[in-house]
Amino acid sequence: MTSHATEVDLEDLLRRALEATGEGARWSTDADEMWCRLTPLSTTQRAQGWKLHVSATSASAPAVLAKALDVLLREGSAFKFARSLEQVSALNSRATPRGSSGKFITVYPRSDTDAARIALELHRATTGLAGPRILSDQPYAVNSLVHYRYGAFVARQRLSDQGLLVWFYEDPDGNPVEDVRTGRYSPPSWAVSPFPASVPAPPRTEEAPTGPVLLGGRFSVREAIRHTNKGGVYRGTDAITGAPVVIKEARPHVEADASGSDVRDWLRAEARTLENLAGTGLAPEPVAMFEHGGHLFLAQEEIPGVPLRNWVAEHFRDVGSERYRADALAQAGRLVDLLAAAHACGCVLRDFTPGNIMVRPDGELRLIDLELAVLKDDAALPTTVGTPGFSAPERLAGAPVSPTADYYSLGATVCFVLAGKVPHLLPEEPAARSAEQRLAEWLTACEGTLPLPDGLPGMILGLMKDDPAERWDPARARTALRRTGSPLPGHPAAGPTGKDPGDATAASVAGIVDHLVESMTPRDERRLWPVSTMAGETDPCTVQQGAAGVLAVLTRYYELTGDPRLPERISTAGHWIAARTDTRSTRPGLHFGGRGTAWALYDAGRALDDRALMDHALALALAPQEPTPSHDVTHGSAGSGLAAAHLWHRTGDPRLAALVADAADRLAAAARPEPTGVSWPVPAEAVAKEAGKRYLGFAHGTSGIGCFLLAAAAVTDRREHLDLALAAGEELVATALTVGETAQWPAQAGDVPTAPYWCHGSAGIGSFLVRLWQTTGDDRFGDLARRAARAVVERASRAPLTQCHGLAGNGDFLLDMATATGDPAYRTSAEDLARFIVAERAHRDRHVVFPNEYGDVSTGWSDGSAGILAFLLRTRHTDSRLWMIQQPG
């Protein structure tokens, strides 16, 4: 963005407009980090209706706002606008969700009549100015910046069937309807549009076409590969040659800068690069560039194969660790040669990543998605667009074009191929450790579960040095690969840092606790602790992502350490939750439901000897539950029953034993006999799009349900509950897939194996099987649990850090194995996983935080530091696992 654009203050434009019109007394104004909002003082806002959106680019936004204010300040309808040009750029970036992109100004008309009039006036006022099409809306007219859609005007949220908070409006009968924001205009059938129907529907490339879609009069679209805000990528056929092609689309004004350049210019640059590389075999051959419907398209040769990112996951899954190690080493050599060849052709790639490299069926590599590549004769400007973790830090900060940035990307890509991951190193405050030091610590952590060939950690560190001038070039990297087997003189592999890994774990535990203690906000009505909402927002009191998950871990920490800061915090948190939980009715499930919250509250009250908390927890546990067709642990009967079983063990209350029996009987009635055991298909009334799926994992399927039934049998002393748990175990035996010495499972029967996490994979399934083995003595279950543990260990370097999908949940399973078998090797493996987690920590003053799967910071149980803390505590204290019924030794 050029300097003259950043000098424009959008809020100052508003102040001047209010002064010039004398309308300031009519409006209430407030702002947050993203929006500036104006509400008329004399009218009441509607809850829902036809809303207007006006788009703009960062260059046109000042003019668009000035023209729009001339209209809106005369009206009596509330509106908001993005408060800075940086926010406008963010709304128009390629990474912005398609349902949110482009919405610079939002207007909430008082009536449908007002909506139609204001839309026409805004259209006339902004005609000729630049802005992207808003994909969730209908344009008011061809090439208009004004768009409309039906939706909620006020922030009304409700819990969906999946336990996530969603925006909603009401249908004419008063029933809630989720206000879904997608990249497609889809108004409710009963909402009558007050606007003229003057814009024809665009060509349907958004979904799998029902008939052939012909682009540019030549290319027939077969399917969409992906859709992003910048446009789609499609597979098609060249009608002239019959050859398969890939067609890339660039939408006008996305990633537009102050000069007017946008992703269409990126696509033109990619075409020039492909022409420069034509005939080299390094990249697809260009076919044609053309416009269609105002969008720019580039057709190019389709490269058979899979993206390197997919190859890394799928090849490891299919061939096992030993074969993969050899193939990955060969792939590392091909990556070095590929980058060297591109540089020899005069290309600086600027986005050399596993997503932009294709692996052909013969194993050879090809470059794809060269939109950021620069030819040596191009006068290319720096760009901050890139891929975090793979793009050199200085390039993401706007450094001039340099091949040394590609060296960094080569090192990260080689690391990804060899280890399955590049660690996500969040910024530290203050930045006391260099990125190079932190990467070296993570590579050292690999030694426990994934010993890299001698010399390769040093090569990765050499390519990814902090100082661009010191980075290894491809020639030096190639030499290192040839010498694999012995460390390079003067550049040893990442070795021990001289610190006891246990010291780092202890410091991390202390830093997590400091963060949880000091980030608690009891005066906040919505959230007690900060959480990530990247995967959706849950009830603020639940285990999954709410206060109950954090409370349970802090209670456990207090019981183990006696930290004097915690009684007050635990009491405050417990009563905050109690004030927001209704004992008249609760939602089912452990992680998303009321009884999981009751579990945390009861244990907190017990630790503090707080009878009021314990009484509230018991009332919450005994409250009637909303009817549920769900069977699983997270949302359904098994989770409710598991929490009731825990509380029965705590209290001996026969009413809780009756709830355990009731949940077990419900599951017995819903069980479907299978040729090899039993399953619990997802009912259509639970989640329609999941109907009939037979999940196997702990969170949503057979193993979690079986684990509850095993616990229920101990409470009810009824043989049919134990028999049903055994049938669940038999189903898992029959569906296990062994690769080498590992046991893996698909998410649902008949699929390919999934990652070995708690939610769907080996860690969660093994957690049930080891308990079934302890109960029955059947060595088939014990053997599969051991093989599941092997799968967890082999994939340690590839995993995120958290409980639901990552190392914390995997490590808890390994500690279960250590307890059940008495084999100290499992504890050693769990400690290796802890070192991986600790190596990705980030220090924020005295606090320690971690990235979740999305690179965000969260305190939650499933995706954040609470779940990580629970596991790290178990590596240092012999203790039972949270949210599980302790089995007899």
Side-chain angles (χ1 to χ4, degrees), residues 205 215-216 218-228 230-250 263 266-290 296-316 318 327-328 330-375 387 390 406 409-410 413-414 416-417:
T205 54
L215 295 177
R218 175 178 173 182
F219 301 100
S220 178
V221 174
R222 298 197 312 273
E223 64 175 335
I225 297 173
R226 64 178 177 271
H227 285 293
T228 65
K230 67 180 179 180
V233 181
Y234 312 98
R235 287 190 180 93
T237 303
D238 185 341
I240 294 176
T241 66
V245 292
V246 168
I247 308 159
K248 299 185 67 176
E249 176 188 21
V263 291
W266 297 8
L267 199 59
R268 295 183 184 102
E270 179 170 0
R272 290 195 299 273
T273 301
L274 292 180
E275 290 166 1
N276 185 74
L277 296 176
T280 65
L282 297 176
E285 296 293 318
V287 178
M289 176 166 275
F290 58 93
L296 189 64
F297 292 85
L298 172 62
Q300 54 191 260
E301 172 194 15
E302 181 179 1
I303 302 295
V306 297
L308 181 61
R309 180 177 296 278
N310 298 46
W311 181 89
V312 167
E314 293 168 6
H315 197 59
F316 191 101
D318 294 340
D327 292 348
Q331 209 68 284
R334 293 189 185 103
L335 287 166
V336 171
D337 293 342
L338 183 65
L339 182 63
H343 282 186
C345 292
C347 289
V348 176
L349 300 175
R350 298 206 295 181
D351 206 20
F352 187 82
T353 74
N356 291 343
I357 298 166
M358 287 290 287
V359 183
R360 289 169 44 93
D362 60 6
E364 293 299 315
L365 305 180
R366 296 291 185 271
L367 297 166
I368 60 170
D369 289 340
L370 293 167
E371 58 194 17
L372 296 183
V374 177
L375 300 175
T387 306
F390 294 92
D406 283 354
S409 298
L410 173 61
T413 302
V414 168
F416 183 83
V417 167

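Contact between Pro284 and Leu367 at its shortest, heavy atoms only, is CD-O, 3.0 Å. The heavy-atom pair separating Cys345 from Asn276 by the smallest distance is O-ND2, 3.1 Å. When every heavy atom of Thr280 is checked against every heavy atom of Leu277, the shortest pair comes out as OG1-O, 2.6 Å. Shown here for Gly355 and Pro307, the closest heavy-atom pair between the two residues is O-CB, 4.5 Å.
Residue Phe352 holds its CZ atom at 8.5 Å from CG of Leu308, rounded to the nearest 0.5 Å. Interatomic distance, CG of Leu365 versus CG of Asp362, reported as 9.0 Å (0.5 Å rounding). The distance from the CG atom of Leu298 to the CH2 atom of Trp266 is 15.0 Å, given to the nearest 0.5 Å. Of the inter-residue distances, the one linking Thr273 atom OG1 with Leu372 atom CG reads 9.5 Å to the nearest 0.5 angstrom. Note that CZ of Arg235 is 4.0 Å distant from CD1 of Ile225, once rounded to the nearest 0.5 Å. Of the inter-residue distances, the one linking Leu274 atom CG with Leu282 atom CG reads 11.0 Å to the nearest 0.5 angstrom.
The list of side chain to side chain donor-acceptor pair (under 3.5 Å) pairs with a residue in residues 331-352, not counting sequence neighbours, reads Gln331-Arg334, Asp337-Arg478, His343-Asp406, Asp351-Asn356, Asp351-Thr387.
By the 4.0 Å N-to-carboxylate-O rule, Arg222 lies close enough to Glu302 to be salt-bridged with it.
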Show the numbers, then the answer: is there a side-chain contact (heavy atoms from CB on, under 4.5 Å) between Arg360 and Met358?
CA-CA 6 Å; Arg360 289 169 44 93; Met358 287 290 287; 5.8 Å; no

Verify side-chain contact (heavy atoms from CB on, under 4.5 Å) between Phe416 and Thr353, making sure each step is shown before the conclusion.
CA-CA 9 Å; Phe416 183 83; Thr353 74; over 6 Å; no

Passes side-chain contact (heavy atoms from CB on, under 4.5 Å), Lys230 versus Leu267? Steps please.
CA-CA 10 Å; Lys230 67 180 179 180; Leu267 199 59; over 6 Å; no

Begin from the C-alpha positions of Cys347 and Leu375 and carry the test side-chain contact (heavy atoms from CB on, under 4.5 Å) through to its verdict.
CA-CA 5 Å; Cys347 289; Leu375 300 175; 3.4 Å; yes

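In this structure, the salt bridge (Lys or Arg N to Asp or Glu O under 4.0 Å) partners of Lys248, at least two apart in sequence or on a different chain, are Glu270, Asp369, Glu371. Qualifying side-chain contact (heavy atoms from CB on, under 4.5 Å) partners for Ala328, counting only residues two or more places apart in sequence or in other chains: Tyr324, Val417, Leu418.
Outside the 6.0 Å centre-distance limit, the rings of Phe219 and Phe297 are not counted as a close aromatic pair.
Ser409 places a side-chain N or O within donor-acceptor distance of the main-chain N or O of Phe390, the cut-off being under 3.5 Å. Glu249 places a side-chain N or O within 3.5 Å of a backbone atom of Gly232 that can act as its donor or acceptor partner. Arg218 places no side-chain N or O within donor-acceptor distance of the main-chain N or O of Asp238, the cut-off being under 3.5 Å.
Side-chain contact between Leu215 and Phe290: present, with at least one pair of heavy atoms (C-beta onward) separated by less than 4.5 Å.
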